[in-house]
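Notes for the one structure printed next.
What's counted below: heavy atoms across the whole structure, side chains too, no hydrogens, waters or symmetry copies.
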Amino acid sequence: MLKDAEYIIIGQGISGTVLSMQFTEKNIPHLVVDQPGLSQSSAIAAGLINPVVLKRLKLVYNAEEYLQYAKPFYLKWEGVLQTHFFHELAVFHLFSSAGEQNHWLEKSENPMFKSFLGDIDTSRIKNVKSPYGFGKMSGTARLNTIGMINSYRIFLQEKGQYQQAVIDEKSLSEIAVNKKVILANGYLMREILPSVSDYFSPTRGEVMIIESEELPKDKILHSGVFTMPLGNNHFKIGATYHWEKLQDITTPEGLNKLKNELIKFYKGRYTVKKHMGGVRPNVKDRKPLLGKVGSNLYSFNGMGSRAALMAPFLSEIIANYLLNNMDIPPEYDINRFTSN
């Protein structure tokens with residue numbers, strides 16, 4: 001398959017999977033080369049499709065376009081793969097003060113936020129401490145990242161378009177002699193292409209999977225951490241942010257942080273089933289990295305914790321750039337770092 005492929009996509013996390021889906025739709029011959037076990041970023045990702053930064057009630061740049069593209073894209077691929085990984089779920093943001101309530105009300109009257117920030121809900125949820133109620137969000141969803149990635153990997157394997165290999169700086173340069181290579185491998189891109197390492201500001205995140213019969217199964221709760229229903233009384237709880245030890249590791253401090261944040265609003269019983277860590281490919285200016293980075297080398301990277309929201313829309317942009325020579329908007333173009 002390698003000799004027939006016009007493009008090689010390095011990495012099969014959220015970004016690499018979505019880009020390959022886009023290429024498949026456009027009948028672009030390609031091969032996905034995955035580096036198994038080297039990065040857990042997509043595995044631990046919440047997969048939360050959310051247009052608002054809840055800590056500051058700030059709208060994600062270009063959120064409307066991301067959302068309009070993401071839902072039909074994922075639903076189409078659910079049909080192709082005959083599996084279910086896109087789940088529309090409301091997010092309930094817990095208020096910590098009356099001032100936070102007022103801020104929500106003020107923002108919800110703004111036309112830009114009106115379709116996302118809903119009413120304040122003062123009803124009680126069993127075992128959840130919410131003296132100031134919740135702000136209910138709309139237009140949100142959960143992407144089962146592991147389910148999507150695994151089912152799509154089988155799809156690729158059946159077509160002979162998937163290969164496992166560890167790519168280093170030397171092998172990358174050898175592949176790029178005859179093939180166009182797109183790096184969608186998260187923070188690992190820094191290691192095999194050192195020239196872009198200064199563009200990143202990666203953070204290590206830790207999450208835990210818990211089992212509980214007492215958390216709501218039909219909504220995502222958000223406070224210092226989120227509670228994400230996974231089915232069968234399992235929930236993903238996350239996430240932490242660390243700027244040191246940038247490896248896929250877990251720490252006792254990280255686990256304690258998750259537990260302490262959870263008990264601030266949840267007083268029910270639970271059992272920790274799993275504890276995971278991964279490194280997010282955050283970028284210094286918090287914008288994606290798309291475009292050419294060398295001879296036959298391209299980037300589809302840098303979406304951080306919002307890859308589930310952004311990747312479908314951005315995959316159309318990079319595909320049009322490669323196929324039709326259409327410009328990449330300057331705010332996404334990786335060459336913004338070298339042109340300043």
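No donor-acceptor pair closer than 3.5 Å links the side chain of Gln101 to the backbone N or O of Phe95. Remark: the backbone N or O of Ser115 is paired with a side-chain donor or acceptor of Ser138 at under 3.5 angstrom. Not one N or O on the side chain of Glu191 forms a donor-acceptor pair closer than 3.5 Å with the backbone of Asp168. Between the side chain of Ser108 and the main chain of Trp104, a donor-acceptor pair closer than 3.5 Å is present. Using a distance-only test at 3.5 Å, with no hydrogens or angles considered, a donor-acceptor pair links the side chain of Asn301 to the main chain of Gly186. With hydrogens and angles disregarded, a donor-acceptor distance shorter than 3.5 Å links the side chain of Arg124 to the backbone of Ser130. A donor-acceptor contact shorter than 3.5 Å is absent between the side chain of Asn232 and the backbone of His234. The main-chain N or O of Ile149 is never found under 3.5 Å from a side-chain atom of Thr17 such that the two would form a donor-acceptor pair. In this structure, Thr140 contributes its side chain and Leu89 its backbone to a donor-acceptor pair below 3.5 Å.
Within a 6.0 Å radius of CG in Asn260, other residues, nucleotides and ligands contribute more than 12 heavy atoms. Taking a 6.0 Å sphere around NZ of Lys245, one finds it holds 12 or fewer heavy atoms contributed by other residues, nucleotides or ligands. Within 6.0 Å of the CG atom in Asp327, the count of heavy atoms belonging to other residues, nucleotides or ligands does not exceed 12. In this structure, Asn325 places its CG atom where only 12 or fewer heavy-atom neighbours from other residues, nucleotides or ligands lie under 6.0 Å away. For NZ of Lys274, the number of neighbouring non-hydrogen atoms (other residues, nucleotides, ligands) closer than 6.0 Å is 12 at most. The number of heavy atoms from other shown groups lying within 6.0 Å of CD (Glu174) is above 12. The number of heavy atoms from other shown groups lying within 6.0 Å of NZ (Lys107) is above 12. Remark: Glu244 CD is packed, more than 12 non-hydrogen atoms of other residues, nucleotides or ligands lying under 6.0 Å away.
Remark: Arg204 fails to qualify as a cation-pi partner of Tyr187 under the 6.0 Å distance and 45° angle criteria applied to the six-membered ring.
A continuous path of Ile, Leu, Val, Met, Phe, Trp and Tyr side chains, each step under 4.5 Å between heavy atoms, connects Ile210 with Ile125, placing both in one hydrophobic cluster. Taken together through direct or relayed side-chain contacts under 4.5 Å among Ile, Leu, Val, Met, Phe, Trp and Tyr, Leu230 and Met276 form part of one hydrophobic cluster. No path of Ile, Leu, Val, Met, Phe, Trp and Tyr side chains, each step under 4.5 Å between heavy atoms, connects Ile154 with Ile146, placing them in separate hydrophobic clusters. Both Tyr132 and Leu105 belong to a common hydrophobic cluster when Ile, Leu, Val, Met, Phe, Trp and Tyr are linked at side-chain heavy-atom distances under 4.5 angstrom. In the hydrophobic clustering of ILVMFWY residues, with side-chain heavy atoms under 4.5 Å counting as a link, Tyr298 and Ile28 come out together.
Residues satisfying the side chain to side chain donor-acceptor pair (under 3.5 Å) criterion with Lys58, sequence neighbours excluded, are absent altogether. Residues passing the ring pair (Phe, Tyr, Trp, His ring centres under 6.0 Å) test with Tyr152 are Trp77, Phe155, sequence neighbours excluded.
When every heavy atom of Glu331 is checked against every heavy atom of Lys287, the shortest pair comes out as O-CD, 3.3 Å.
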Legend entry - Residues Thr338, Tyr199; criterion side-chain contact (heavy atoms from CB on, under 4.5 Å); working and verdict: CA-CA 10 Å; Thr338 55; Tyr199 305 168; 3.3 Å; yes

Inset, instruction - Give the C-alpha distance, both sets of side-chain angles, the deciding distance and a yes or no for side-chain contact (heavy atoms from CB on, under 4.5 Å) between Ser20 and Gln12. - result: CA-CA 9 Å; Ser20 175; Gln12 203 232 330; over 6 Å; no

Legend entry - Pair Val60-Val53, side-chain contact (heavy atoms from CB on, under 4.5 Å): steps then yes or no: CA-CA 7 Å; Val60 173; Val53 182; 4.1 Å; yes

Inset, instruction - Please lay out, stage by stage, how Ser123 and Asp121 fare under the test side-chain hydrogen bond (donor to acceptor under 3.5 Å, both in side chains). - result: CA-CA 6 Å; Ser123 62; Asp121 187 339; 2.5 Å; yes

Inset, instruction - Just do the side-chain hydrogen bond (donor to acceptor under 3.5 Å, both in side chains) check on Glu106 and Asn102 with the steps written out, would you? - result: CA-CA 6 Å; Glu106 181 184 317; Asn102 292 333; over 6 Å; no

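For the side chain to side chain contact (heavy atoms under 4.5 Å, CB included) criterion with His93, the lone passing option out of Lys55, Lys136, Glu100, Met137 is Glu100.
Under 4.0 Å is where a charged nitrogen must lie from a carboxylate oxygen, and between Glu253 and Lys257 no such pair does. Between Lys179 and Glu6 there is no salt bridge, since none of the side-chain N atoms of the basic residue sits less than 4.0 Å from a carboxylate O of the acidic one. Of the charged side-chain nitrogens involved, none lies within less than 4.0 Å of a carboxylate oxygen, so that Lys126 and Glu214 do not count as a salt-bridged pair. Ion pairing between Lys273 and Glu211 holds under the 4.0 Å rule for side-chain N and carboxylate O.
Ring geometry for Phe86 versus Tyr74: interplanar angle under 30°, hence parallel rather than tilted (30 to 60°). In this structure, Tyr332 and Phe313 have perpendicular ring planes: the angle between them is above 60°, well past the 30° mark.
Rounding to the nearest 0.5 Å places CD1 of Ile192 at 5.0 Å from CG of Leu183. Here Leu193 contributes atom CG and Ile10 contributes atom CD1; the two are 11.5 Å apart, rounded to the nearest 0.5 Å. We find the CZ-NZ distance between Phe235 and Lys217 to be 5.5 Å, quoted to the nearest 0.5 Å. Rounded to the nearest 0.5 Å, atoms CD1 (Ile318) and CD1 (Ile328) are 4.0 Å apart. Note that OG of Ser223 is 9.5 Å distant from CZ of Phe134, once rounded to the nearest 0.5 Å. To the nearest 0.5 Å, atoms CG (Leu117) and CE (Met112) are separated by 11.0 Å.
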